[in-house]
Student: 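Quick one: structure below, then a few questions.
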Number of protein chains: 2
Amino acid sequence: MKLSANEEYGLRCLVRIGYAGEGGSLTIPEISQAEGVSPSYAAKILRVLRKGGFVKAARGKEGGYTLARPAEAIVIGNVIDALGGRLFESKFCDSHSGQAAICTRSVDCSVRSLWRAVQVAVDHVLSKATLRDLLQNEEDMNSWVRTIPGPAGLRLVQ
Amino acid sequence: MKLSANEEYGLRCLVRIGYAGEGGSLTIPEISQAEGVSPSYAAKILRVLRKGGFVKAARGKEGGYTLARPAEAIVIGNVIDALGGRLFESKFCDSHSGQAAICTRSVDCSVRSLWRAVQVAVDHVLSKATLRDLLQNEEDMNSWVRTIPGPAGLRLVQ
DNA sequence: GCTAATCTGTACTTTATAGTCAAGATTGCC
DNA sequence: GGCAATCTTGACTATAAAGTACAGATTAGC
Ligand code: FES
Ligand code: FES
């Protein structure tokens, strides 16, 4: 259960573009340098973000990437889904092997129920966060996190 | 953000051994067949579970694997940590690149705050689940999940 | 139209994960 | 002791993910 490189850098690139403000744009070399990844790799990641509909690209001189929508309309959960897929999806149980009593896939499996619960917990946080929320400093973000109803908010406070 | 093969099969193997009951034991060929993985691979996974202190192995004829502790004393969160590591740990931000305003690693990063919140949400589910909880059918497990305070429980009900 | 800056797409290389294999060590039983 | 069933270990191969390279297409400005 790790973040993939796509997820880690993809989200950071998106935040970086968001920092450029309404209509502001950044080029691949700029993003690349800011995030400390190679231009080639940045291009690869930005392609995913573009295909996901989160950024728009302008070619040619004076080109660059800009947000496809206002930051508050970009839900982080959707971004992560585009960059790295979900932890648990319905087809998950079609792909793994094992027949007997536990994982009869689609009949009766307590493990599946647990994964589903974890996915719900993750979604609960990521579906509430928008890019707008990430365009603030860590302290403000921590305050925001505490506003999430439920444990994620509560326990972060310690 | 995917489950690794270790996590997926490791947990299922552990549940399988749990099904053998108090003091009951299973051999690698048995586990392998039940879970539909090769004996070699089952052995590799069981080694991780053994080193994590979740199962004990007996060699020789009449050997096999058995739970190292009662099922209710095995917290699934710990099992997953042993099998696949955590989503977010403090050293996470030491390893990624990028210097400028967002990810100054350890100074001020809203993204980090979000990952931390996700980790907390995951822990909230996995730290409450024990192997005992998984030794029941899916319906009972769903009921159990609903007892988790907060969103994971609530939203699974739909 | 030319040039330089930019994105786009595909193919490639490198590295990490997944999965296999075989030789060795331990134990119970006869 | 000898045998067969079992776990243990490290090295090996295969596959997927991460990261790079490059040739092509688009655009602004002159
Ligand atoms: S059937 Fe998918 S985890 Fe058991
Ligand atoms: S410093 Fe680690 S995610 Fe930004």
Student: Under the side-chain contact (heavy atoms from CB on, under 4.5 Å) rule, collect the residues that match up with A:Ser4, sequence neighbours excluded.
Tutor: A:Asn6, A:Glu7
Student: Would you please name every residue forming a side-chain contact (heavy atoms from CB on, under 4.5 Å) with B:Ser32, sequence neighbours left out?
Tutor: B:Pro39, B:Ala42
Student: Under the side-chain contact (heavy atoms from CB on, under 4.5 Å) rule, what do A:Leu11 and B:Leu114 come out as? Steps first, then yes or no, please.
Tutor: CA-CA 11 Å; A:Leu11 184 55; B:Leu114 180 68; 4.2 Å; yes
Student: Between A:Ser143 (side chain) and A:Glu139 (backbone), is there a donor-acceptor pair under 3.5 Å?
Tutor: yes
Student: Output every pair passing side-chain hydrogen bond (donor to acceptor under 3.5 Å, both in side chains) with a member in residues 47-64 of chain A, not counting sequence neighbours, ordered by first then second residue.
Tutor: none
Student: Does A:Val120 form a side-chain contact (heavy atoms from CB on, under 4.5 Å) with B:Val145? I'd like the steps, not just the answer.
Tutor: CA-CA 11 Å; A:Val120 166; B:Val145 163; over 6 Å; no
Student: Under a 3.5 Å cutoff, is there a donor and acceptor pairing between the side chains of B:Glu138 and B:Asn142?
Tutor: no
Student: For A:Phe88, what residues pass the ring pair (Phe, Tyr, Trp, His ring centres under 6.0 Å) criterion, not counting sequence neighbours?
Tutor: A:Phe92
Student: Please list, chain by chain and in numerical order, all residues satisfying side-chain contact (heavy atoms from CB on, under 4.5 Å) with B:Ser40, sequence neighbours excluded.
Tutor: B:Ser38
Student: What parts of residues 21-32 of chain B reach DNA chain D, counting only heavy atoms under 4.0 Å away?
Tutor: B:Leu26, B:Thr27, B:Ile28, B:Pro29
Student: Hey, where on DNA chain D does chain B first and last touch, going 5' to 3'? Cut-off is any atom under 4.0 Å from a heavy atom.
Tutor: D:dA5 to D:dG10
Student: Please check this pair: side chain of B:Lys2 against backbone of A:Arg86, looking for a donor-acceptor N/O pair closer than 3.5 Å.
Tutor: yes
Student: How would you list all residue pairs meeting side-chain hydrogen bond (donor to acceptor under 3.5 Å, both in side chains) that involve residues 68-78 of chain A, not counting sequence neighbours?
Tutor: A:Glu72-A:Arg132
Student: Just to verify, what does B:Ser25 make a side-chain contact (heavy atoms from CB on, under 4.5 Å) with, not counting sequence neighbours?
Tutor: B:Thr66
Student: How about B:Asp133 and B:Thr130: does a side-chain donor come under 3.5 Å of a side-chain acceptor?
Tutor: yes
Student: Heavy atoms only, 4.0 Å cut-off, all strands: where does A:Ser40 land among base, sugar-phosphate and nothing?
Tutor: base
Student: Please list residues of residues 46-53 of chain A whose heavy atoms come under 4.0 Å from any atom in DNA chain D, ordered by number; otherwise none.
Tutor: none
Student: What string of B, S and - do you get for nucleotides 11-18 of chain C 5' to 3' if you count protein non-hydrogen atoms under 4.0 Å?
Tutor: -------S
Student: Output the distance between atom CD (B:Gln33) and atom CZ (B:Arg16), rounded to the nearest 0.5 Å.
Tutor: 10.0 Å
Student: Got a second to check how far B:Leu14's CG is from B:Leu134's CG, nearest 0.5 Å?
Tutor: 8.5 Å
Student: Polar atoms only, N or O, under 3.5 Å: list the protein pairs with nucleotides 24-30 of chain C and their distances.
Tutor:
unit_1: C:dT26; atom_1: O2; unit_2: B:Gly60; atom_2: N; d: 3.4
unit_1: C:dT27; atom_1: O2; unit_2: B:Lys61; atom_2: N; d: 3.2

